[in-house]
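The basis for the numbers below is simple: all heavy atoms, side chains too, and nothing from hydrogens, waters or symmetry mates.
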Amino acid sequence: MPVGKGRLKRSSGSSWASTTTKVVFVALCVFGVYMVIPRKLSSSSTNTTTRTAVSKNKLRITNPKKDTSASSDEPGDFLKDAIKNARDDMVKDSSDQTVEVDNDILDMSSDNQDHLFDQDENLLTTDAADIQHIHTKDQMAEDNVIRLSDQGADVSNTNLKEDTLNENADKQDQVTEKSENHVTTAAAEVEHLDTKDQRTKENVKQADAAVEDTVEGLQGKVFEEEQQKLNEQETQLRKESSTTRNQRTHQEIATNTEVKQDSEMKNNQVENTNQTLFENHDNPKGTTVELSEEENEQRMEQHQRQEEEQINKNQQEEEGSQHDGKTTNLEGANTDSTDSNDRHSSSQETAEKHDQPHQTDENNMDNTQQNSSNYPDGESSGIPEESKDSAKTWSTQADQSDNHKDRKKGPSEYRDGSIFGFSWQLCNVTVGADYIPCLDNEKAIRKLHRKHFEHRERHCPEEAPTCLVPLPQGYKTPVKWPLSREKIWYHNVPHTKLAEVKGHQNWVKLTGEYLNFPGGGTQFIHGALHYIDFIQQAVPEIAWGKHTRTVLDVGCGVASFGGYLFDRGVLTISFAPKDEHEAQVQFALERGIPAISAVMGSQRLPFPSRVFDLIHCARCRVPWHIEGGALLLELNRMLRPGGYFVWSATPVYQNLEEDVQIWKEMSALTISMCWKLVTIKKDKLNMIGAAIYRKPESNECYEERKQTQPPMCGDDDDPNAAWYVPLQSCMHRVPTDVAQRGSQWPQAWPRRLQVSPYWLIQSQMGIYGKPAPDDFLADSEHWQSLVSKSYLSGLGISWSNVRNVMDMRAVYGGFAAALRELNVWVLNVVNIDSPDTLPIIYERGLFGIYHDWCESFSTYPRTYDLLHADHLFSRLKKRCRLAPVMAEVDRIVRPGGKFIVRDESSVVREVENLLKSLHWDVHLTFSKKKQGILSAQKSNWRPEIYAEAS
């Protein structure tokens, strides 16, 4: 049976090897086809590499669905990049249409390829399943042969096995041929797709070329049209005059400002109406309105003629009436000051108290000495307690203010640290990090009239707040002085409105993360120092830093005028309202320049009478001439006899109708007030002018006046009363007694700092029980010793980081005087229930303010580097709770700022616990013989919970 033997031999090892070889070959072919197809879809830059790979590896097939990068990064992206560079909408439209056509072609090609791959995968899967089935049947047959041979089966069974194997071999050959046919067909289809893909790429390239040609053509047209337009605009601009261009610029600035402030103007119509009475910013027609030198001289001559006419008229009336008119005027003055009598009935004997001699009680003197206690570096407290008898000889602001009686709070509810662990919360107010409780009392402001700017005055909450003010986001340690005068961190005062509105006047400009201050202002665009020198050249007798030391700057803006007066040895307190010129006072304090938030409205400013050597107003937006000159009379109250008023505003140097009218009214008013117009000078660099007036040094002019307006104040009206006291439209007489304050000019600076004022006499008891002059000198020596031996080295304070300082309870100003050699300024606060020693502080060439610490202070948050409180809290806690006071201290002090407290030991412990609850770092506490001292530093800690909205 030769056939049977042949079949049997084929089933041996050689036959099995042949079958395995064919199966492997088929698998390789299938794998090669599977790999070669996606290679055909790669970019044109890799076509040669793909073909080489196919020839070497025969037919390697990969799954194109697993790698779509080749197709997704192809011609479509190239066209999109070209479209992005097009500069015209027409170019974009035409390019988009071309891209859509090309993408449709590519999508069709990609869909055909995906369909072919799906068919090949199905066929290959079927073939692989058949081969696997054949292998399984061969294995089963071979197992049967081995089993039958072991059992000695007959030849018939063996023949059956051979027939089965031969049948399987035939089927395997058929499957192999079928697979080879599929591979050949797949290769042909791939080649066909490759040809179609090549044609598609050629079409895309042609489309690219067409798009590029279109873009270039349109770009050329656009460039030509733009160039033509620019040439036409340049020609038109050359034809315009410089006057017309300036007019357009001013109109654009005014338009932008009106748009930004539209909503606020609707709420402030009355306020804006008042402002138009006294301010005219720019010339709307661009015409020349400045007065010439001849016109200024004519104004001076006219003013002098009016003064002479008034004097001659007075002399004629005196001869005919034998002085009857004077009696009548005095009666009229008393009639006009009826309101003052009602309001200040408690101050009728104030002037007499100051002038009466007092006997010194030796027993009381012995009881006023305080037990000495050793302080850091061996310094003794050394200063006596205030004399109880001295209260009889010194008036207080509380005595003068009826309103103060309604503002008194109950005594402190906490004793000896029982409040430690107090739970603090953030203030929930609309102004956020700029909260000033007595100026942001929205509930009270909504009920107020705005005619006299009452809404800008102090209106404190019924209950003093105990919440904490949040920090601005991004707050940083302030820039040190003197660099801070030129720039500050933007994030510390994140307001840009002034930079937008006043940047062209060199107020402030935003540069990166800094706010820069070029040193300019509305009236001194080219710098404050030139303007300061211009004033002294106009009136050399002003003598900055010698004759003139204390200055009040009204409507200060960002206080560059006061900031640069430091270079001339002058100390300036600047003020402006918290109004639409956002944060102007905050800018000043962040720069290291003294300033407060206040307004000339319906009440007196919190300063004594006759203390400022010079008052300055540069476009300060105050209507001096209206309502009988009430606001100018308030300046007259604060200005020292013989002092100067510098008025730099448009009515001085422009001839617009409104300015001319204001000038006429101001001239009549100042003549009736006996102010002398010293000069009118024009600053040619800044193109502005200034009128400089001088207050009389005697009552001669007042006595010669026959008119009753403005009237003289009654004797019962204390000119020093200033805490919540309404404005009085009257003038106080000039002191004539050589022992009275205001009868003489202080000594030249700096000698006036250490010399006892001439009007402190031996018969008057001082604050600590000694004769007043001796008391003054003892206080100065005490603070000089204490500061040099203890404060400067024993409290752990780096004084080079200190600029803005406040003495929360000043007496004679000794603490501030002791810091004179440091690069700091000190705002002295005289409490309303303390003896009124603030005039003494001004006489020394220092400055200060009245305040009640049961209320919030009129300053922005984070404005002082160091607060000093000497025996303040032991007196204060008798009238109000300490927790709100400590919240106010936390509001005022900058992060990293310092706080020095000297007081009774029990009070120091209470303050220490409050500070610890506020997360302050208490660096030093020392106590001996019931007297203690504390030094602490504020941290950046803020609570996370907000208080309930009020």
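Listed by first and then second residue, the salt bridge (charged side-chain N to carboxylate O under 4.0 Å, His left out) pairs involving residues 551-567 are Arg485-Asp567 (not counting sequence neighbours).
Checking each of Tyr693, Phe645, Tyr531, Tyr644 against His616 for a ring-ring contact (aromatic ring centres under 6.0 Å, His included) leaves exactly one that passes, namely Tyr531.
Shown here for Gln523 and Asn686, the closest heavy-atom pair between the two residues is O-CB, 3.7 Å. Nearest approach of Arg637 to Leu605, heavy atoms of both residues: NH2-O, 3.2 Å. The minimum heavy-atom distance linking Asp434 with Asp440 is given by the pair O-OD2, 3.7 Å. Of all the heavy atoms in Trp783 and Ala818, the pair that sits closest is O-CB, 3.6 Å.
Side chain to side chain, Arg591 and Asn804 fail the donor-acceptor criterion of an N or O pair below 3.5 Å.
Judged as a side-chain contact (heavy atoms from CB on, under 4.5 Å), and not counting sequence neighbours, the contacts of Ala630 are Ser729. Residues forming a side-chain contact (heavy atoms from CB on, under 4.5 Å) with Tyr758 (at least two apart in sequence, or on another chain): Ser743, Gln744, Glu843.
Under the 6.0 Å distance and 45° angle rule, Arg640 counts as a cation-pi partner of Trp745. Trp489 carries Lys476 over the face of its six-membered ring, with the cationic atom under 6.0 Å from the centre and within 45° of the normal. Taking the centre and axis of the six-membered ring of Phe566, the NZ or CZ atom of Arg803 falls inside the cone set by 45° and 6.0 Å.
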